[in-house]
Novice: 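Here you go, one structure.
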Amino acid sequence: ELREALAPMPPFDVAAVLDLLEPAEALGGMGTIALVLRYAIGLERDSIAFYVGLKAATPEGWGRDKIDWIIGEEMGHVNTLSARLAEAGG
């Protein structure tokens with residue numbers, strides 16, 4: 001069942017993700033702390049979306065509670081970054 005649920009997904013390109021996560025390249029030229037924080041918030045939201053999808057594809061008893069914990073951690077990161085963004089006037 002899990003294989004069928006994941007079948008429509010395109011192959012995961014690890015190299016592309018690693019290229020996106022190169023800090024100097026990704027953040028260079030953003031100009032302001034507000035832009036960097038907005039970018040970071042977007043990455044955290046993408047992480048939340050990933051883990052929500054992973055949870056949906058994970059059978060009961062296979063660690064869904066652990067995935068919920070990770071989602072909570074990621075949401076905490078969004079809250080922290082959002083507070084910093086507000087402090088920065090962004």
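Just so it is clear, the model here is predicted, and its values are computed rather than measured. Quick note: numbers below take in every heavy atom, side chains included, and nothing from hydrogens, waters or symmetry partners.
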Novice: Calculate, to the nearest 0.5 Å, the distance between atoms NZ and CD1 belonging to Lys55 and Ile48 respectively.
Specialist: 13.0 Å
Novice: Please find the pair of heavy atoms, one from Ala88 and one from Ile33, that lie closest to each other, and give the distance.
Specialist: CB-CG2, 3.8 Å
Novice: What pair of heavy atoms forms the shortest contact from Tyr51 to Ile71, and how long is it?
Specialist: CB-CG1, 3.6 Å
Novice: Please round to the nearest 0.5 Å and tell me the distance separating atom OG1 of Thr80 and atom CD1 of Ile41.
Specialist: 10.0 Å
Novice: So how far is it from Met75 CE to Arg45 CZ, rounded to the nearest 0.5 Å?
Specialist: 10.5 Å
Novice: If you look at every heavy atom in Arg64 and Thr58, which pair is closest and at what distance?
Specialist: CD-O, 3.2 Å
Novice: Working to the nearest 0.5 angstrom, can you tell me the gap between Ser82 OG and His77 NE2?
Specialist: 12.5 Å
Novice: For the residue pair Glu74 and Ser47, what are the closest heavy atoms and their distance?
Specialist: OE1-CB, 3.6 Å
Novice: Drop me the distance from Phe50's CZ to Ile67's CD1, to the nearest 0.5 angstrom.
Specialist: 8.5 Å
